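Values in this document were obtained by computation on a predicted structure and should not be read as measured data. Proteins come first, then strands; the chains are lettered A, B, ... in the order of their sequence lines, and each starts at number 1. All values below were derived from every heavy atom in this structure, side-chain atoms included, with hydrogens, water molecules and symmetry-related copies excluded.
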Amino acid sequence: METWVQWMWLIPVLPMVAAGVSGLLPRTARGWSAGLSIGSLALSFVLSVISFAAVWQSGGERHLYGFRWFQFGPGAFGTLWLSWVLDPLSASMLVMVSGVGLLIFIYSLGYMAHDANFTRFFCFLSLFAGAMLGLVMSNSLVGLFMCWELVGLASYLLIGFWFQKPAAAAAAKKAFITTRVGDLVFFLGLVWLFGNSGTQLFYDNGSGCLEAATLNALVQQKVWWDWSLSQVIGLLLFAGAVGKSGQLPLHVWLPDAMEGPTPVSALIHAATMVAAGVFLMARVYPLLVAGPEGVVQPVLMVMAWVGGLTAVFAAAVAVAQDDIKRILAYSTISQLGYMMLGLATGGVAVGVFHLLTHACFKALLFLGAGSVIHACSEEQNIWRLGGLRRWMPVTYVTYGVGMLALTGFPVLFSGFWSKEAILHATHAWPVSAGPFWLGLAGVFLTAFYMTRQMVLVFGGTPRGNVTSGSIHESPPVMTVPLIVLASLSVVTGFVGTPAWPWLQGFLEGQQAILDWSRLFGADVWGLAAISCAAVFLGMGVGLVLYRRIAAEGVIQRDPLEQLPAGLCPALRKKFWVDEAYQHSVVPALAWLAYWCDRMDRWVWAGLMRLAACVTLVVARLSQNVDEAVVNAGFDRACEGLRLQGGRLSLWQNGQVQRYLAFVGAAMAILVSLWWWGGNR
Amino acid sequence: MSPLTGYLVLSAALFATGLAGVLTRRNAIAVLIGVELMLNAANLNFVAFWRYGAGGPDAAGLVFVLFTIAVAAAEAAVGLALVIAVYRHYRTAHVDEVKRLRG
Amino acid sequence: MDVAFGLTALITLAGAVAAVWLRNLVHAVLALAVSFAGVAAAYLQLGAEFLGFAQLLIYVGAVAILIVFAVLVTRGGEVPAGGVHAARWWVGALVALGVFAVLGWAASSLGDRRAAAEWTPMSVAELGQSLVGRWVFALQVLGILLTAALIGAVLLAWREEGNDSGTHLGGGES
Amino acid sequence: MHSFPWLTLLILMPLLSGLGVMLWGAGRSRWTRRIAQGVCGLSGWTILALTKEVDLRSGSLQAVERHAWIPSLGVEYYLGLDGLGWVLLLLTVVVASMALGAAGEVGERPHLFDGLVLCLMAGLFGTFTAQNFVHWFLFWELSLIPAFFLVRLWGGHRRRVVSLQFFLFTLAGSIAMLLGFLIQYAGTGQMNFPELAQLAQQGRLWPQVAEVWKGWGWTEREVALGVLLAVLAGFAVKVPMMPLHAWLPSTYAEASTPVSMLLTGVMSKMGVYGLVRIFLPLFQEPLRWVWPWLAGLALWTVIASACAALAQRDLKRILAYSSVNHLGYCLLAVFALGAAGPVSGSIVHQAAALNGVILQMFNHGLTAATLFWCVGWLEKGNGGFRELDQFGGLRAAVPIFCGLMGMATFASLGLPGLNGFIGEFLIFLGVFGLAPWAAWLALPGLLVTAVFLLTMVQRVFYGPMKTTGQRWMDVDWRERTGLGAAVIVMVLLGLWPQLLLQFTHPFVMHLLAGLRL
């Protein structure tokens with residue numbers, strides 16, 4: 001076990017190396033690149049499973065291993081350690097990330113088969129997988145942040161993978177910058193935490209920043225109003241999570257990110273990367289709850305409200321979208337909101353349970369959507385699809401499983417159990433009932449938009465220009481991952497039911513006991529009945545509204561347009577959030593840039609020019625003074641001297657008489673001088 | 001004006017006249033004339049000082065004058081020979097045309 | 001200051017000025033001879049009889065005649081086209097005037113510290129004794145000088161005969 | 001003391017070869033380039049060998065050479081090396097060899113170019129090792145002369161005006177600094193940095209200096225602040241700090257590519273070097289009075305330059321402002337050290353900030369030089385145009401180049417795993433501990449940096465290919481080697497910053513021990 005932890009670094013490093021190598025490979029080395037990436041990730045997966053087994057064996061113990069990275073100051077505080085942790089949370093996340101990732105890698109083999117930049121794609125995917133694996137197993141906040149940023153980079157590269165499309169380029173930039181807003185606040189929280197507590201290791205045998213001693217110190221310090229330092233730092237970290245996990249108000253990048261290839265959407269923007277924010281919150285949960293016993297910490301309240309609002313908001317927007325991937329994107333945002341809600345109200349286990357189940361069925365849904373898009377010659381508008389169940393049975397069935405899981409269809413599907421857990425926790429939340437009702441509304445909306453999508457895409461008859469002849473089922477390399485994911489979407493639910501809350505127990509380090517009676521407790525089903533009703537209501541409304549339209553085989557107006565009071569445009573336009581940014585932040589920045597540039601060009605450069613002019617004037621002045629006064633005087637003196645010299649030289653004309661005259665004159669003068677001087 | 005002063009002033013005037021001749025005349029012989037005048041002025045001085053100054057019985061002043069006369073005769077002979085030689089060479093006896101001394 | 005001295009001085013100076021001033025060289029030499037004679041007279045007045053006669057013999061008799069011959073040889077009697085005086089004659093005159101002023105001033109300011117008190121005239125015999133006695137060495141040197149000058153004058157006047165374009169004169173070439 | 005004169009050798013080698021190349025190199029440009037590169041290599045080897053020869057990990061001055069020069073004026077020939085100097089020597093060699101590698105396009109008088117670069121190197125070597133003010137100032141100015149000619153002789157059509165601007169600006173700053181130092185000298189009679197630092201630490205420096213001016217009715221505080229401003233002006237122009245930066249954008253834009261590389265890569269570091277080596281130890285006391293103002297200026301530099309970069313269309317001007325922005329963090333960290341009284345600051349934060357400054361200097365030098373090289377390459381490939389709108393979709397045509405430049409861009413942006421991150425992280429860690437508000441306010445700078453760098457990448461590499469009539473050829477082996485080596489160093493330092501920190505950290509601790517903050 002201990003020796004095993006030392007070798008865990010292989011898990012993220014293998015895909016990283018694969019990324020580095022395939023980055024250097026020529027573009028034609030398609031097989032090499034794909035083989036390397038998939039092989040390394042498979043190896044990572046195996047290692048992850050072994051780690052998972054190891055931690056399971058040891059009953060959820062926490063194992064650490066670290067090394068000194070660099071020294072920047074005196075003492076222990078001045079040493080930056082990097083470390084990784086093997087505990088239930090990281091182990092289960094490792095398995096999930098590498099497992100889902102592996103399936104998506106395999107799927108990409110088929111999906112991207114015809115792309116010119118195939119090798120680059122696998123390079124980026126491997127980079128992403130490595131970074132994400134590093135993120136989840138990191139035991140240091142700095143290491144986590146580094147992987148966090150690398151994940152962002154991989155996301156940037158993959159969204160902009162089809163770089164010739166201006167929309168893709170813009171979306172990539174938008175994603176990077178929007179998430180960077182959150183990242184920078186996160187960075188500040190990191191710096192604050194590190195600077196204040198002197199450590200950035202989560203667990204360090206009692207001196208880590210998530211352990212009692214440090215937490216107590218943090219709680220003691222009050223910063224603003226009544227907030228303790230731990231809460232403020234928690235809030236800053238949460239800002240990072242908001243950016244990465246697409247919570248309000250930084251969610252705008254996630255739908256645009258669908259410009260990337262569909263496997264990317266599945267891997268990054270559904271299953272794994274966007275869950276990094278949730279994971280971060282789960283990782284630092286001890287920090288968030290640190291404080292007096294029995295008091296709900298303010299950060300958790302913020303998280304709950306943000307999560308709940310995001311869940312409903314995104315679900316509502318998803319209702320009116322026409323693009324199959326965009327619907328799923330908003331659905332992802334909404335589900336991430338649920339996760340946050342679950343974390344805030346129910347603790348790590350609740351949130352992470354939904355994270356894991358969601359990873360399976362959202363990956364499934366995206367891959368299914370990709371299969372559809374692939375088959376229907378890149379058609380993404382659900383109004384132009386239809387009737388696909390006849391030609392794509394495997395996709396249809398698996399997509400249906402995913403859809404039912406997402407809506408939380410009772411009993412059989414994983415989404416039901418994880419969502420129930422969240423709703424339970426919300427219901428029991430002492431602070432406010434608001435998040436519960438938000439969650440419930442979200443459930444209804446989720447059921448509705450998924451039914452709408454399902455019916456329009458697979459039900460009825462084909463519409464638009466998608467002709468039946470060209471539609472074909474995807475190759476096995478794509479369908480097999482779908483089937484695997486579909487079965488996972490069912491199975492994962494059963495490890496976290498109230499009767500046998502194994503996963504929750506695992507995550508919290510307790511032994512789970514099978515107790516059927518708990519399954520039939522009144523409190524369970526009392527609440528479940530309400531949520532089931534919401535699900536059925538949503539599905540029913542969806543069926544009623546769209547079944548007939550789907551059957552008709554002609555593109556029709558969306559019945560949603562009959563909604564009252566301009567609600568439909570609001571939904572379609574995503575409540576104008578993008579537009580709001582477009583008209584506030586973007587012009588503000590442009591204005592600032594403009595003025596900074598103007599300042600530089602006119603004020604500072606102008607001052608410089610003014611100084612130059614003054615200097616020139618002074619120079620000209622002094623030049624004139626020089627020439628007219630100083631130089632002229634000197635010149636004249638020189639001229640006179642030369643002239644007189646010339647005249648004098650005439651005396652030296654070689655005539656003895658002249659010399660003699662000199663001698664005479666000189667004698668006369670000398671004698672007179674001598675005489676005169678002698679007489680004094 | 002004592003006698004000595006009178007002879008000295010006469011000597012000075014003679015000397016100045018000779019000098020003027022030396023300095024102003026173009027002809028070499030005329031220059032020579034000036035030189036002779038200056039020599040005579042000097043001689044006159046010797047004699048005047050012998051007679052009125054610190055003469056004494058040793059007759060140094062007179063002897064000096066005798067020597068000077070002898071040297072002047074030699075000088076005149078050599079000078080005139082030179083003048084003749086210059087005249088032969090340059091076909092002129094005008095000193096202002098003889099400028100070999102000019103650097 | 002008696003009349004005799006004034007007359008002598010007048011003759012002497014007038015002769016000198018004429019010798020310097022006159023355009024015709026022959027006339028100038030004659031004027032020079034007059035001036036020499038004036039000087040000889042001054043010697044006689046001063047009590048140096050021997051010197052006075054020597055002056056007459058050597059200067060008026062020998063030197064003046066020699067100069068006349070030289071004038072005739074160099075055709076100096078003719079008045080040249082550019083005048084007898086140098087272009088800037090006034091400079092020379094000015095310098096001469098300056099020298100005269102200085103010397104005259106010196107002479108006049110000398111005063112007579114010793115009047116002609118215990119003066120005893122000197123005979124020619126005494127002069128000759130002192131010449132061959134005390135000054136005999138100088139006399140010998142003078143003899144050599146005269147011989148050398150004579151030979152030199154002869155050589156100068158004679159060597160040019162066959163060599164008109166010679167450059168023996170002076171060291172002007174350097 | 002009497003060991004081998006490594007540092008003199010190091011300075012003389014490029015100086016003599018540079019002069020020789022200028023004198024006899026005409027028409028032998030192939031050889032002069034080889035000589036220049038050889039000297040670079042030899043200097044680099046010497047610098048690396050010095051780590052074995054002397055004990056840089058001790059933190060104190062090593063390889064000291066000290067001889068009396070003009071004893072009556074306190075002028076000494078005083079050379080010494082420590083971690084700070086070593087890092088900058090290394091940077092000088094790296095950037096100079098990169099500049100020589102990028103100088104393929106210097107068409108006219110290439111021997112002159114090589115010679116000037118060598119002389120500049122010598123000046124920089126001297127600046128980074130001299131420990132006596134006069135000795136140091138000599139090299140400080142010496143490096144300016146080749147730089148002036150490098151800007152003036154090669155570059156855009158406005159280069160004459162611009163080189164003059166550059167020269168006069170820097171000279172004005174230098175003169176102010178000289179005056180400041182003379183005032184200091186008048187009071188102390190001391191020109192050696194270590195001795196002056198010791199005086200300052202004992203708190204005797206400013207009373208001594210103020211003694212001279214007592215008759216004029218000036219207090220110690222006024223005198224100290226006056227000298228501080230004068231000396232700061234010299235450094236601030238070089239870095240540059242706003243509002244003394246007006247010469248920079250046009251100079252960087254007009255200078256030819258290798259010269260821009262040298263200017264931004266090394267010469268801008270001279271200012272920060274001076275701040276750390278001279279300004280901090282000597283002005284530790286007055287800095288405490290004015291640091292919020294100075295930190296405000298640094299913040300202004302950071303934010304305004306990032307915003308101005310966003311408004312630029314010329315690639316070189318973007319990079320120029322980016323350079324100002326990045327060095328603004330260094331300024332911020334240096335000034336924030338003034339905030340640390342015995343109560344608020346902890347030594348770790350100070351150490352972090354200073355280590356961050358030194359790392360940031362090296363990292364920015366490397367990254368910015370690489371980026372300027374890349375932009376020069378783009379300009380050449382695009383027929384001399386470098387407006388942002390004239391590019392597009394280059395990733396399809398020149399993928400290798402785009403990969404290399406992309407790495408450099410992200411390094412400049414501070415992406416973890418590449419070198420830029422460590423410096424910025426340490427600076428923020430330090431500044432946050434010393435002056436939290438400054439860290440908060442500097443944060444938007446990081447964001448805007450990302451915005452303009454990504455905009456540049458988006459416009460140049462992404463989108464549909466814009467055809468300007470040129471056929472794009474990917475980088476040749478020479479550029480591939482040069483850029484590739486630079487990128488490898490970036491990754492290496494990003495993953496293993498201890499490489500540099502092992503030398504800088506002892507120096508920082510030594511410096512901090514001498515500060516009475």
Side-chain angles (χ1 to χ4, degrees), chain A residues 23 27 68-75 77-78 117 120 131 142 145-150 152-153 156-157 160 163-166 168-170 172-173 176-177 180-181 184-185 187-188 190-192 194-196 198 589-590 592-600 603-608 612 615, chain D residues 165 168-169 242-243 245-247 249-250 304-305 307-312 346-352 355-356 393 395-396 399 403 410 415-417 421-422 425-426 428-429 432-433 436 439-440 443 446-448 450-451 454-455 457-458 461-465 496-498 501-502 505 508-509:
Chain A
R27 217 186 283 198
R68 187 192 304 252
W69 191 25
F70 60 80
Q71 176 103 29
F72 63 87
F77 181 10
N117 284 326
R120 291 290 160 276
V142 171
F145 180 77
M146 289 175 63
C147 293
W148 178 278
E149 287 288 294
L150 283 180
L153 170 71
Y156 169 80
L157 292 171
F163 57 86
Q164 289 94 342
K165 284 164 61 181
K173 188 176 113 183
F176 195 89
I177 288 168
R180 200 172 168 84
V181 174
L184 288 175
V185 183
F187 180 62
L188 212 58
L190 152 70
V191 165
W192 201 341
F194 187 20
N196 199 280
L589 193 59
L592 203 61
Y594 176 81
W595 278 109
C596 283
D597 186 47
R598 286 294 106 157
M599 281 282 284
D600 252 39
V603 178
W604 301 121
L607 279 179
M608 186 169 73
T615 317
Chain D
Q165 272 178 14
L168 291 181
F169 246 86
M242 286 195 181
H245 69 293
W247 61 274
S250 46
S305 61
C307 288
L310 196 54
Q312 303 303 316
S346 90
I347 186 128
V348 179
H349 287 121
Q350 295 163 6
N355 273 319
R395 226 172 109 175
F410 275 99
L415 190 83
F421 170 70
I422 310 290
F425 167 66
L426 289 179
F428 268 92
L429 185 63
F432 194 89
W440 277 98
L443 212 55
L446 282 180
L447 182 69
V448 182
V451 175
L454 287 185
T455 308
V457 168
Q458 184 196 0
F461 295 157
Y462 285 64
M465 179 84 182
W496 195 13
Q498 186 69 14
L501 278 167
Q502 59 180 339
H505 177 58
V508 166
M509 295 315 295

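- The heavy-atom pair separating A:C596 from D:C307 by the smallest distance is SG-CB, 3.5 Å.
- Of the residues considered (D:L454, D:V457, D:N355), D:L454 shows the highest number of contacts with chain A, using heavy-atom pairs under 4.5 Å.
- Judged purely by atom type and a 3.5 angstrom limit, D:Q498 uses its side chain to pair as donor or acceptor with the backbone of A:Q71.
- Nearest heavy atoms, A:P166 versus D:P464: CG-CD, 3.8 Å.
- In this structure the side chain of A:D600 reaches within 4.5 angstrom of the side chain of D:H245, judged on heavy atoms.
- Looking at D:L426 and A:F70, their side chains come closer than 4.5 Å, going by heavy atoms from C-beta outward.
- At a 4.5 Å heavy-atom cutoff, the contact between D:T455 and chain A is made by backbone and side-chain atoms alike.
- Closest heavy-atom contact between A:F72 and D:A351: O-CB, 3.4 Å.
- Within the 4.5 angstrom heavy-atom criterion, only side-chain atoms of A:L190, from C-beta onward, approach chain D.
- Using a 4.5 Å cut-off between heavy atoms, D:L415 touches chain A through its side chain atoms alone.
- For the pair D:I422 and A:W69, the minimum side-chain heavy-atom distance is below 4.5 Å.
- Note on ring orientation: taking the six-membered ring where Trp is involved, the planes of D:F425 and A:F194 are parallel (angle under 30°, cut-offs 30° and 60°).
- No more than 12 heavy atoms of other residues, nucleotides or ligands lie within 6.0 Å of CZ in A:R68, so this atom counts as exposed by the packing criterion.
- Partners of D:Q312 according to the side chain to side chain donor-acceptor pair (under 3.5 Å) rule, which considers only residues two or more places apart in sequence or in another chain, are A:D597, A:R601, D:R317.
- With a 4.5 angstrom heavy-atom cutoff, A:A170 touches chain D via backbone and side-chain atoms both.
- Per-residue heavy-atom pair counts under 4.5 Å with chain A were compared for D:F461, D:W440, D:W496, and the maximum is reached by D:W440.
- Using a 4.5 Å cut-off between heavy atoms, D:V508 does not touch chain A at all.
- The part of A:V142 that comes within reach of chain D is its side chain, from C-beta onward, which places non-hydrogen atoms under 4.5 angstrom from that chain.
- Counting all heavy atoms, side chain and backbone alike, D:A450 lies closest to A:I177 at O-CD1, 4.5 Å.
- Minimum interatomic distance between A:P74 and D:I347 (heavy atoms only, all atoms of both residues): CG-CG2, 3.6 Å.
- In terms of heavy-atom proximity, D:L443 sits nearest to A:L184 at CD2-O, 3.6 Å.
- For the atom pair A:Y156 OH and D:Q458 CD, the distance stands at 7.0 Å (nearest 0.5 Å).
- Expressed to the nearest 0.5 Å, how far OH of D:Y462 lies from NZ of A:K173 amounts to 11.5 Å.
- The contact between D:F428 and chain A is made by backbone and side chain atoms together, counting heavy-atom distances below 4.5 Å.
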